[in-house]
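Notes follow once the structure below has been shown.
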Amino acid sequence: MLVLGLESSCDETGAAIVDGEGRVLADVVQSQAEVHARYGGVVPELASRDHLRNIGHVVRSALAKVGAHLSDMTGIAVTNRPGLVGALLVGVQAAKGLAWAAAKPLVGVDHLVGHVLSVFLRRGEADPPLPAFPFVSLLVSGGHTAIYRVDAPRPEAITELGATRDDAVGEAFDKVAKLLGLGYPGGPIIDELAARGDPARVKLSAPMPSRDSLEMSFSGIKTQVARLVAGAGTTADERWVADVCASFQAIVTGVLAQKAIAAAQREGVADVVLGGGVAANRELRDRVVRLGASRGIRAIVPSLASCTDNAAMIAYAGSLRLARGERDGWDLVATSRTLLERRTRKGRGKR
């Protein structure tokens, strides 16, 4: 089985070819970071236009890397939810055209399901061990932060255990970076500066630290940083910025690690799997692994290439649908809604 996957849910245009065992034969990603950097965040209309410019190029590049033709593919998989609808539409329409032209089956893939299953990708170097079902997945990205119980590689077998009530953790990183004048995207910049700072020099309180609840909130710590910046004045030098980054990152990754491991203990599972762009954060990876080991839980972290948005995870998730005999029609739509049931209510107040 060879599956061509397309990804265009946000600000990266991707095409990949993956076989039925999850081996990544080609994975091409065209980033839009420079397009959106001047605005401090993703501009949906600009994202859609850039996808339109790049979708043909990444597909041709992926096929060329494998030395294959479209006729060699078993099927075409494409992210059709959730994400920016205009951006998704570019990928969905391209996938429909390719599937129709080559007379190949078409399957839509939920972007979040792709992230949850990205740990199964085999890239041929430093591949993580395969988790055993059921496992707990900590999905942390720019638009989504949630903890799931995964009983099987199907959307209906993935259950939300807890999620953020407000900002996703990736949004919090971006907003804090903007407050500190560090640019976009904020995650990698804060991760780099945090390594140079002292988290003990800047006091921030942990958001919803209780392990009794698997729900999370990140808007409050963003507000704390905003107040620090407003009152810093002339003390806001490079060292102070690094200390703020270190404190912010330590607190956020600590809460995420504690809740993920607590979820695994509560569910009685042996494995915790990280997924999503923020799973590339070095401190988060280290904290989850160390805390898990101290409590008899194995933490499995995908390769960096599998954490960020990529089409390989979409191709793999699509290959599982194709193997089950599932197909989508030409009426496949792009939508901002995930297939995964959300149980955590947005906003403040008692639950």
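All residue numbers in this chain count up from 1 along the given sequence. Every value quoted in this text rests on a predicted model; they were computed, and no experiment measured them.
Side-chain atoms of D19 never come within 3.5 Å of backbone atoms of M1 as a donor-acceptor pair (strictly under, hydrogens ignored). A donor-acceptor pair under 3.5 Å links the side-chain atoms of K96 to the main chain of W330, judged by distance alone. Under the 3.5 Å distance criterion, the side-chain polar atoms of D271 are matched with a main-chain donor or acceptor of A132. Using modelled atom types, no side-chain atom of S8 and backbone atom of H51 make a donor-acceptor pair closer than 3.5 Å. The closest donor-acceptor contact from the side chain of D191 to the backbone of R282 lies under 3.5 Å. Judged by distance alone, the side chain of R239 and the main-chain N or O of D198 form no donor-acceptor pair under 3.5 Å. Checked by atom type and distance alone, the side chain of S48 pairs as donor or acceptor with a backbone atom of A87 at under 3.5 Å. Between the side chain of S137 and the main chain of V116, no donor-acceptor pair closer than 3.5 Å is present. Distance alone, capped at 3.5 Å, is enough to place a donor-acceptor pair between the N310 side chain and the T308 backbone. Side-chain N or O atoms of Q249 include none that pairs as donor or acceptor with a backbone N or O of A194 at under 3.5 Å.
Hydrophobic clustering of Ile, Leu, Val, Met, Phe, Trp and Tyr side chains at less than 4.5 Å, counting indirect connections, unites L4 with V92. Under the 4.5 Å side-chain heavy-atom criterion for grouping Ile, Leu, Val, Met, Phe, Trp and Tyr, Y316 is not connected to L98 through any hydrophobic cluster. Note: the hydrophobic cluster containing V29 does not contain V35 (ILVMFWY, side chain heavy atoms under 4.5 Å, direct or indirect links).
For the atom pair CZ (R287) and CG (N281), the distance works out to 10.0 Å, reported to the nearest 0.5 Å. For the atom pair CG (D309) and SG (C10), the distance works out to 6.5 Å, reported to the nearest 0.5 Å.
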- prompt: Would V229 and L180 satisfy side-chain contact (heavy atoms from CB on, under 4.5 Å), going step by step from the backbone distance to the final call?
  reply: CA-CA 7 Å; V229 172; L180 295 171; 3.7 Å; yes

Chi angles and distances behind the side-chain contact (heavy atoms from CB on, under 4.5 Å) call for V272, R298: CA-CA 6 Å; V272 167; R298 181 175 65 162; over 6 Å; no

message: Checking L46 against Y39 for the side-chain contact (heavy atoms from CB on, under 4.5 Å) test, could you report, in this order, the C-alpha distance in whole Å, the side-chain angles of both residues, the deciding distance, and whether it holds?
response: CA-CA 11 Å; L46 295 181; Y39 305 103; 3.5 Å; yes

CA sep, side-chain torsions, deciding dist, call: E215, T164, side-chain hydrogen bond (donor to acceptor under 3.5 Å, both in side chains): CA-CA 6 Å; E215 294 186 0; T164 178; over 6 Å; no

task: Could you walk me through whether F173 and F218 pass the ring pair (Phe, Tyr, Trp, His ring centres under 6.0 Å) test, one step at a time?
output: CA-CA 9 Å; F173 270 91; F218 299 104; 8.8 Å; no

query: Given T344 and E160, is the side-chain hydrogen bond (donor to acceptor under 3.5 Å, both in side chains) satisfied, shown in steps?
result: CA-CA 8 Å; T344 301; E160 182 188 294; 2.8 Å; yes

task: Test R201 against S247 for side-chain contact (heavy atoms from CB on, under 4.5 Å), laying out the working first.
output: CA-CA 8 Å; R201 291 188 67 226; S247 179; over 6 Å; no

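The pair D286-R290 meets the salt-bridge criterion, with a side-chain N (NZ, NE, NH1 or NH2) lying under 4.0 Å from an Asp/Glu carboxylate O. One finds no salt bridge joining K175 and E171 here, because no Lys/Arg side-chain nitrogen approaches an Asp/Glu carboxylate oxygen to under 4.0 Å. Salt bridge E326/R324: present, at least one basic N to carboxylate O contact under 4.0 Å. Salt-bridge formation is detected for the pair R196/E192: a Lys NZ or Arg NE/NH1/NH2 atom is positioned less than 4.0 Å from an Asp or Glu carboxylate oxygen.
Screening V113, D110, V109 for a side-chain contact (heavy atoms from CB on, under 4.5 Å) with P155, the sole residue that qualifies is V113.
Inspection of the S217 and D166 side chains reveals an N or O donor paired with an N or O acceptor under 3.5 Å.
In the hydrophobic clustering, where aliphatic and aromatic side chains (Ile, Leu, Val, Met, Phe, Trp, Tyr) are joined below 4.5 Å either directly or transitively, V85 stands alone.
Remark: T223 engages R227 in a side-chain contact (heavy atoms from CB on, under 4.5 Å) (not counting sequence neighbours). In this structure E156 satisfies the side-chain hydrogen bond (donor to acceptor under 3.5 Å, both in side chains) test together with R154, sequence neighbours excluded.
By the 30° and 60° cut-offs, the orientation of the rings of H111 relative to H115 is perpendicular.
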